[in-house]
2 protein chains.
Amino acid sequence: MTNTTLKLLAQQLQLSISTVSRALKDHPDISASTKAKVNALAQSLDYEPNAYAIQLRTQSSKILGVIVPAISNLFYDSFIAAVEEESRNNGYAVMILQSSHNPENELSNLKIFRQNRVSGVFACLSSSTENLEVYQKMNEREIPVVFFDIVPKDNRFTKVRMADERCAIMAAENIIKRNAKKVLAIFGDEGLSITQKRKSAFQKFMQDFAPKTHCSYAHAASTKEAEETMKKFADKKQKVDTVFCMTDEILIGVMRTIQELQIKVPNEIGVISISNGFIPNLYYPHISYVETSGHELGKLAFIQMMANMKGGKTLTELTVDAKFVEGGSM
Amino acid sequence: MTNTTLKLLAQQLQLSISTVSRALKDHPDISASTKAKVNALAQSLDYEPNAYAIQLRTQSSKILGVIVPAISNLFYDSFIAAVEEESRNNGYAVMILQSSHNPENELSNLKIFRQNRVSGVFACLSSSTENLEVYQKMNEREIPVVFFDIVPKDNRFTKVRMADERCAIMAAENIIKRNAKKVLAIFGDEGLSITQKRKSAFQKFMQDFAPKTHCSYAHAASTKEAEETMKKFADKKQKVDTVFCMTDEILIGVMRTIQELQIKVPNEIGVISISNGFIPNLYYPHISYVETSGHELGKLAFIQMMANMKGGKTLTELTVDAKFVEGGSM
DNA sequence: ATAAAAATATCAAACGATTGCGAAAAAATT
DNA sequence: AATTTTTTCGCAATCGTTTGATATTTTTAT
């Protein structure tokens, strides 16, 4: 079966293509009666406008691109879900590509986006991306880029992110409230700006408001590392009474150890993390956490994208605020 | 900055558009020297072919659509990730839309796909979808549809799915091996064919090979329900010694109760589930599970899609085999 | 030197829609 | 009845690419 086109409709109705086109978009030039006829036939023949032709003609694509390190991730998937939802409600479709934290993939993904003339891209840098030239080039081509989560330091770009400092501080506050004496704080990949922000805010706050609390700092780039780190700190000599986990991956590792060693939460140890909430609620008692919602971030990013596409470049950095969610682990 | 087009290149090189086009695709008609010139200029001007124009002209889009109930899901996200990866390696980009288990969304998603002339769609039906006419229509338009996970019963369609019966049987085998006396088996949404398949296979196997084992069957459509179901069965009178969880959602609920009531795994109770492995490994001891890999399924689906696009319709139903992964919970 | 063959490049018509401009028909005004 | 205005529609160019057919030039063979 051949697709119905304007041409076909026009032929069947003995009208010109332009008339049909206008009738379909309710153009004032066209009489009500012909509009009715056109619509009726279009309906019965399932006319579906060819997006390519439209995009070619109008030079605007109604497609947005999203680059994430991995789709299969508790944070990114909710971000994507939010962006997709907002996009669909606004007549856009999303194209999603994964970089696998590989800058080369990132480049080829961007190429696909450019070739498909997406009208905007949401990008999360892969952890080792250094060269931002491509993104600069996209801006020159007037394809707005909104960065999220892992964002460039450079402030020529538009970014949305969690209020990382606030997150860390809220966690610290609750640790102090618990009256912790020996704290283990495990942070993520040391190279990421997100880690640096969270760590320095956390450290500063603890020093300023609870200088006597003894804090040990560690980094874990994987669940496995977190698990091992936790094991080290769980032996008698340096037993900690509170542990802070910067990410879900870390929390998972920590909880494995805690369960394995049958340490009682919250009596023997308090646990607090930064998360979107899914993982913390898997355990009993639920782990208290500072909520960072990929969903919220996605919505914010979309708004920012629309703003960028409409008006001139608004080169700002927006943040989603955090909130503390009480579990039973503190 | 205006985009570089074939036309522009042609003008600058004093060549015709068609020559430039052919040079760029290494057509034998064009001499090596002009090819070199063309390529050089194209390079320096960052020429990127306009996908819309190509698709309009060639009537083939190099875009695949994926419909899932939700992106933010441990199974679907890995399926998507696999499809995306395979697609990219084969020159396709994927467009992903969520139905939220709402048939209306499903319809409008399909519309978007049609308008964007995707060259194929991977579809997971929403749980309440009854009307398959749209999908039939896509087939008529020669847009192959590969169903996965929640698939139509109708065998006019191509489907890939887990070997559900085998999964259930493998679980049952291991339950029998454990020498269970009182088993609680919690299954998912009763309306889904996937549930029915798993349940009937499980039941039959247990009856055939361990008729004396007492089995209680329950359904839970959410984590909350599973949690409560588990609570009911955890009191003394009807204490069970083994629990089977058909999905991750159920496992999570069950484990919450188990942790809350401080029931010892595997001594007091054995736990086994069907999962992709992420959730089972969160606990200590790791939960034994029958592995159903969204990733594998995605790869299979992609192969099937390619086959459908190339050759004639191969209206088959393919399954991904399952394997048992020993945790410490049995 | 001429014809035939091979190599190289161009023309022009699509693909399906949008849109400024002009034309014909109908309605309103004088 | 003649003219103007309004309504309704068609023409044709355009977006960027592909591709069969054709033209031009070069090479090879006669």
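Chain identifiers are assigned alphabetically (A, B, ...) following the order of the sequence lines, protein sequences preceding nucleic acid strands; residue numbering begins at 1 within each chain. Only heavy atoms go into these numbers, but all of them, side chains included; no hydrogens, no water, no symmetry mates.
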Just how far, in rounded Å, is C1' of D/dC15 from CG of A/Asn50? 13 Å
Do the side-chain N or O atoms of A/Lys7 get closer than 4.0 angstrom to the phosphate oxygens (OP1, OP2) of C/dA14? no
So, OP1 or OP2 of C/dA9: does either fall under 4.0 Å of a side-chain N or O from B/Thr19? no
Atom CG of A/Leu13 and atom P of D/dC9 are separated, to the nearest Å, by 11 Å
Once you apply a heavy-atom cut-off of 4.0 Å, does A/Ile17 come out as touching a base, just sugar-phosphate, or nothing? base
Using atom CG of A/Leu45 as one end and atom P of C/dG16 as the other, report the distance to the nearest whole Å. 14 Å
By nearest-heavy-atom nucleotide on DNA chain C, the more 5' of B/Ala32 and A/Thr58 is B/Ala32
With ring centroids as reference points, do B/Phe147 and B/Phe122 lie under 6.0 angstrom apart? no
Residue whose nearest DNA chain D nucleotide is more 5′ - B/Tyr52 or B/Ser18: B/Tyr52
Does a donor on one side chain sit under 3.5 Å from an acceptor on the other, for B/Gln55 and B/Ser61? no
Between D/dT14 and A/Gln59, is there an OP1 or OP2 to side-chain N/O distance shorter than 4.0 Å? no
Candidates D/dC9, C/dA17, C/dA9 - which lies nearest the side chain of B/Thr34: C/dA9
How many angstroms lie between CG in A/Leu15 and CD in A/Gln12, if you round to the nearest 0.5 Å? 11.5 Å
Distance, rounded to the nearest Å, where A/Arg117 contributes CZ and D/dT17 contributes C1': 11 Å
Nearest listed nucleotide, side chain of B/Leu56, among C/dC15, D/dC11, C/dT18: C/dC15
Interatomic distance where CG belongs to A/Leu6 and P belongs to C/dC15 [whole Å]: 13 Å
A/Gln55 CD - D/dT17 P separation (whole Å): 15 Å
Which of residues 20-31 of chain B have a heavy atom under 4.0 Å from DNA chain D? B/Ser21, B/Arg22, B/Lys25
Classify the ring geometry of A/Phe79 against A/Phe148: parallel below 30°, tilted from 30° to 60°, perpendicular beyond 60°. parallel
Can you find a side-chain donor-acceptor pair between B/Tyr52 and A/Asn116 that sits under 3.5 Å? no
With sequence neighbours left out, the residues meeting side-chain hydrogen bond (donor to acceptor under 3.5 Å, both in side chains) with B/Asn109 are A/Arg88
Separation of D/dG10 C1' from A/Leu15 CG (nearest whole Å): 10 Å
Does this structure show an ion pair linking A/Arg114 with B/Glu48, if we count only N-O contacts that are shorter than 4.0 Å? yes
What is the distance from CD of A/Gln11 to P of D/dG10, rounded to the nearest Å? 13 Å
